[in-house]
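Written out below as structure tokens is the structure these notes cover.
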Amino acid sequence: MLSHKRILVTGGAGFIGSHLCEKLLDQGHEVLCLDNFFTGSRVNVTSLMSNPMFELMRHDVTFPIYVEVDEIYNLACPASPVHYQHDPVQTTKTSVHGAINVLGLAKRLNAKVFQASTSEVYGDPTMHPQKEDYWGNVNPIGLRSCYDEGKRCAETLFFDYQRQHGLEIKVARIFNTYGPHMHPNDGRVVSNFIMQALRGDPITIYGEGQQTRSFCYVDDLVNAFIRFMDTDKDFTGPMNLGNPNEFTIRQLAELIIEMTNSTSQLVFQPLPQDDPQQRQPDISLAKEKINWQPETQLQEGLAKTIAYFQGVIAQS
Ligand code: NAD
Ligand code: UDP
């Protein structure tokens with residue numbers, strides 16, 4: 001096994017991607033970060049730019065990619081409902097054409113390839129907590145379908161490339177993740193609530209706030225990606241990665257108000273279409289295969305994220 005690798009991270013200027021680039025550089029690898037800056041930003045990787053092992057390339061994954069690398073992490077895709085619903089056709093193209101281009105590249109290079117899939121492949125789940133063998137409850141024609149079905153189709157492509165061409169694949173189903181470098185206006189619940197609380201604006205709870213999510217801190221997630229990439233060739237996943245501690249959205253709002261000493265009030269707005277009622281990963285497979293479980297408790301991760309957004313507000 002190569003100890004020093006050239007690694008491509010698509011979507012590397014995004015929230016999770018920028019943390020992954022940093023971690024891979026810390027491990028002594030060369031990192032090629034590819035991004036079209038739709039939701040990501042150069043600011044997320046500014047601190048990496050002076051590292052000679054880091055290279056930033058503007059490119060859209062829906063077009064073929066010609067580079068030479070040893071490993072690929074495919075993260076390119078908007079992840080927040082507001083952003084992926086902004087141009088839903090482009091979202092499906094990014095997942096599907098992006099997967100085809102990334103897999104074609106991996107095939108030519110015989111490179112191991114990781115796919116950032118999502119808990120959204122389970123839709124509004126009727127099995128709780130969700131295990132990898134659950135096939136999901138997904139609306140194929142709704143507002144979230146461009147993302148959910150795009151990611152499902154990408155999983156299909158990954159497994160067909162593995163069966164048909166013997167490609168080494170690693171498919172991770174990521175559950176809600178948060179931390180520094182989230183886009184302050186991306187509409188996801190953690191960034192929304194923290195920004196609202198810090199500005200003293202109303203905290204927008206969709207529905208009654210009884211829906212649940214399980215929040216994973218980004219450092220824990222990125223550690224899992226790297227461990228997963230190092231597993232035996234025959235272990236492909238799909239594997240759930242997330243924090244199994246489940247909270248209602250109302251609990252999250254109350255915790256953020258308390259931690260920021262905010263004067264913000266809760267306001268209740270309509271629940272978006274097909275908003276999953278509950279979500280919690282079963283991570284027994286990750287425990288068994290990569291000896292991993294999240295170490296960061298919600299309060300600890302939120303404290304770091306709040307500090308990050310305080311910095312963003314101070315600079316704006
Ligand atoms: P993000 O929006 O911050 O990052 C996505 C990155 O991909 C951005 O830098 C964006 O500019 C880039 N991108 C989008 N379309 C592209 C294209 N066509 N070509 C090249 N680059 C493109 O989101 P994130 O939270 O960092 O998510 C990263 C990956 O993890 C995504 O694939 C997402 O679906 C997956 N995921 C994230 C979560 C989460 O909670 N954050 C949960 C499940 C899955
Ligand atoms: N949500 C909310 N207020 C907000 C943003 C989101 O109540 O300002 C809710 C949303 O309806 C969902 C949950 O928080 O039930 C998580 O939303 P997010 O967009 O972060 O991710 P999802 O898990 O839905 O993809």
Side-chain angles (χ1 to χ4, degrees), residues 9-21 33-42 44-45 57-63 65 73-85 87 90-95 97-99 101-102 114-121 124 144 147-148 150-151 154 172-179 181-183 186-196 201-216 218 221-222 225 240-243 247-250 252-253 266-279 281:
V9 180
T10 78
F15 156 50
I16 299 174
S18 56
H19 289 273
L20 177 62
C21 289
C33 169
L34 180 155
D35 209 294
N36 71 348
F37 305 118
F38 174 48
T39 50
S41 156
R42 283 182 196 75
N44 286 338
V45 290
M57 177 179 175
R58 179 195 273 269
H59 184 80
D60 187 321
V61 288
T62 61
F63 296 98
I65 307 159
Y73 288 85
N74 184 35
L75 274 66
C77 186
S80 105
V82 171
H83 281 140
Y84 71 64
Q85 289 169 20
D87 185 348
Q90 182 61 21
T91 299
T92 304
K93 282 187 186 169
T94 294
S95 275
H97 292 189
N101 290 327
V102 162
F114 172 102
Q115 168 66 357
S117 191
T118 169
S119 53
E120 285 286 319
V121 300
D124 191 3
R144 296 177 84 102
Y147 184 74
D148 300 9
K151 289 284 188 179
R173 291 185 178 153
I174 304 163
F175 285 64
N176 296 66
T177 299
Y178 69 98
H181 298 184
M182 290 185 92
H183 195 298
D186 83 357
R188 280 185 275 191
V189 68
V190 174
S191 43
N192 264 14
F193 285 2
I194 294 177
M195 289 300 284
Q196 290 162 346
D201 291 342
I203 305 274
T204 53
I205 295 195
Y206 303 157
E208 290 171 11
Q210 291 311 306
Q211 69 273 37
T212 66
R213 293 294 187 271
S214 310
F215 299 101
C216 184
V218 65
L221 185 81
V222 163
F225 283 11
N240 289 340
L241 294 177
N243 191 322
F247 297 86
T248 66
I249 294 304
R250 186 174 180 133
L252 177 73
L266 303 182
V267 295
F268 294 87
Q269 297 185 352
L271 196 64
Q273 190 196 70
D274 296 334
D275 199 284
Q277 274 309 297
Q278 51 182 3
R279 189 181 285 155

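Both ligands and their constituent atoms are indexed starting at 1 by order of listing.
Shown here are the side chain to side chain contact (heavy atoms under 4.5 Å, CB included) partners of Gln196, two or more places apart in sequence or in another chain: Asn192, Phe193, Asp201, Ile203, Thr204. Partners of His181 according to the ring pair (Phe, Tyr, Trp, His ring centres under 6.0 Å) rule, which considers only residues two or more places apart in sequence or in another chain, are His19, Tyr308.
For the residue pair Tyr178 and Phe15, the shortest heavy atom distance occurs at C-CZ, 3.3 Å. The heavy-atom pair separating Arg279 from Thr212 by the smallest distance is N-OG1, 3.2 Å. Across all non-hydrogen atoms, the minimal contact from Ala116 to Ile174 is CB-CD1, 3.7 Å. Contact record, Thr177 with Val218: CG2-CA, 3.7 Å, taken as the closest heavy-atom pair. Here the shortest heavy-atom pairing between Ser18 and Asn44 reads CB-O, 3.6 Å.
Protein residues lining ligand 2, listed by chain and number: Pro81, Glu120, Arg144, Asn176, Gly187, Arg188, Val189, Asn192, Phe193, Thr204, Ile205, Tyr206, Gln211, Arg213, Ile249, Pro272, Asp275, Arg279 [non-hydrogen atoms, distance under 4.0 Å].
A salt bridge links Arg144 with Glu120; the closest basic N to acidic carboxylate O contact falls under 4.0 Å.
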inquiry  = Between Arg213 and Phe175, does the side chain to side chain contact (heavy atoms under 4.5 Å, CB included) criterion hold? Intermediate values first, please.
reply    = CA-CA 8 Å; Arg213 293 294 187 271; Phe175 285 64; over 6 Å; no
Could you list, one pair per line, each nitrogen or oxygen of ligand 1 together with any protein nitrogen or oxygen closer than 3.5 Å, giving atom names and the distance rounded to 0.1 Å?
unit_1: ligand 1; atom_1: 2 (O); unit_2: Thr39; atom_2: OG1; d: 2.6
unit_1: ligand 1; atom_1: 3 (O); unit_2: Phe15; atom_2: N; d: 2.9
unit_1: ligand 1; atom_1: 7 (O); unit_2: Cys77; atom_2: N; d: 3.3
unit_1: ligand 1; atom_1: 9 (O); unit_2: Gly14; atom_2: N; d: 3.0
unit_1: ligand 1; atom_1: 9 (O); unit_2: Asp35; atom_2: OD1; d: 3.1
unit_1: ligand 1; atom_1: 9 (O); unit_2: Asp35; atom_2: OD2; d: 2.5
unit_1: ligand 1; atom_1: 9 (O); unit_2: Gly40; atom_2: N; d: 3.2
unit_1: ligand 1; atom_1: 11 (O); unit_2: Asp35; atom_2: OD1; d: 2.6
unit_1: ligand 1; atom_1: 11 (O); unit_2: Phe38; atom_2: N; d: 2.9
unit_1: ligand 1; atom_1: 11 (O); unit_2: Thr39; atom_2: N; d: 3.0
unit_1: ligand 1; atom_1: 11 (O); unit_2: Gly40; atom_2: N; d: 2.9
unit_1: ligand 1; atom_1: 13 (N); unit_2: Asn36; atom_2: OD1; d: 3.3
unit_1: ligand 1; atom_1: 18 (N); unit_2: Asp60; atom_2: OD1; d: 2.9
unit_1: ligand 1; atom_1: 18 (N); unit_2: Thr94; atom_2: OG1; d: 3.2
unit_1: ligand 1; atom_1: 19 (N); unit_2: Val61; atom_2: N; d: 2.9
unit_1: ligand 1; atom_1: 21 (N); unit_2: Asn36; atom_2: N; d: 3.3
unit_1: ligand 1; atom_1: 21 (N); unit_2: Asn36; atom_2: OD1; d: 3.3
unit_1: ligand 1; atom_1: 25 (O); unit_2: Arg188; atom_2: NH1; d: 3.0
unit_1: ligand 1; atom_1: 25 (O); unit_2: Arg188; atom_2: NH2; d: 3.2
unit_1: ligand 1; atom_1: 26 (O); unit_2: Phe15; atom_2: N; d: 3.4
unit_1: ligand 1; atom_1: 26 (O); unit_2: Ile16; atom_2: N; d: 2.8
unit_1: ligand 1; atom_1: 32 (O); unit_2: Leu75; atom_2: O; d: 2.8
unit_1: ligand 1; atom_1: 32 (O); unit_2: Lys151; atom_2: NZ; d: 2.8
unit_1: ligand 1; atom_1: 34 (O); unit_2: Tyr147; atom_2: OH; d: 2.6
unit_1: ligand 1; atom_1: 34 (O); unit_2: Lys151; atom_2: NZ; d: 3.0
unit_1: ligand 1; atom_1: 40 (O); unit_2: Thr177; atom_2: N; d: 2.8
unit_1: ligand 1; atom_1: 41 (N); unit_2: Arg188; atom_2: NH1; d: 2.8

